[in-house]
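Accompanying notes for the structure given below.
We count residues from 1, following the sequence as given. As the structure lists them, so they are numbered: ligands from 1, and atoms in each ligand from 1.
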Amino acid sequence: MAEAQGTAAAGKLVIRNIGLLLSGDLARPILDADTIAAEGGRITAVGKAKDVDQERAAVVVDAKGTTLAPGLIDSHVHPVCGDWTPRQNQLGWIDSYMHGGVTTMVSAGEVHTPGRPKDIVGLKAMAIFAQRTFNAFRPGGVKIYAGAPVIEHGMVEDDFKELAAAGVKILGEVGLGSVKDGKTARQMVSWARKYGIQSTIHTGGPSIPGSSLIDKDMVLETDADVIGHVNGGHTALPDDQIAALCERSTRALEIVHNGNERAGLLALRTAMELKQLDRVILGTDSPAGSGVQPLGILRMISLLSSLGDIPAEVAVCLATGNTAKMRNLNGGLITPGREASFVLMDKAQYSAGKNLLDSIQKGDLPGIGMVIIDGALSVQRSRNTPPATTMPEVVGR
Ligand SMILES: [Zn+2]
């Protein structure tokens, strides 16, 4: 996906004394390393302190034995304009999510735009506008991949070609517009794919008045790249249909906060039985009727780990490396060459858990002590999470 413009730190960043390093990679979720170096917004080295060149650092962070993970990725948001959402008439929601560890968001359509145009030239103009504005403006430093048009009847192949040439890389949720039949949706999704535009489909009952039911047959026939909120947004499909989507499709399985939690656990277990956990990605599907959730991705990690019985370090992979892979993003993994976006956290004060991972597996949320995006400090001590037991510290600049 095209890189969002931003303010990558030009100087070198060194983070040392990392107590636990979560990689974001399902194949190896915990790394035997305690030091990271980054330069120009990219990771340059990961290893033991003695093996990492720490000279010439512009900024040095002492992690104080806390945990570092890749910045969290929210695979399903509905931004509109700047840091405002008309859905709950709130300002500053994206900055608040950054305080929940989110460093990247992917739009599933700017569908809450008041007076959203549904004619073809209008919907294309709106998508290009959103792509441009969010590419140039990053609330709290968060990277937002937006400009996600919702397909409508009457679109032709040239429309997708034109959108792609203008920088549009993603479609909004298929099914939120007038196209409700699998045949038309499949044709448009394949045109989009031909020009490098990724697609997501709405799954389940209508989310708000005006949207409608998308069942498993429509999802399978459309064959979008991401099965959006496989656990409903909010109303889930019957269990047998969710299982069928896991079994009969090879596409990404997105589980969202603003969905049916029981159905989310069912999708997780089915994916595990199929040994296809690499298809599971996480989103909030917010802002929405149920509000904005600054801690939504952390809450998903905790929910899936505590009730879905997966190790916390694996749950973190779903919200980082898995989403990066499915969404073609450069972040999500702690390895040289990747985006230097990190969340530093520790078990929350007074959590019954023995350590960070145990606290998440017991259903608690971690405390965030620092968020770094593209090698630049975005926040120290989250204003939204419970306070971390130990806080990292900037020890040199
Ligand atoms: Zn939806």
For the NZ atom on Lys180, are there more than 12 heavy atoms of other groups (residues, nucleotides or ligands in this structure) within a distance under 6.0 Å? yes
Contact flag Glu173/the Zn ion (ligand 1), N/O/S atoms, threshold under 2.8 Å: yes
Checking distances from the Zn ion (ligand 1), one finds that the N, O or S atom of His229 closest to it is NE2
How about His76: does one of its N, O or S atoms come closer than 2.8 Å to the Zn ion (ligand 1)? no
Whether over 12 other heavy atoms sit under 6.0 Å from Glu261 CD: no
Which is the closest N/O/S atom of His202 when seen from the Zn ion (ligand 1)? ND1
Compare all side-chain heavy atoms of Val394 with those of Gln380 and state whether any distance is below 4.5 angstrom. yes
For Arg116, is the CZ atom crowded, meaning more than 12 foreign heavy atoms sit under 6.0 Å from it? yes
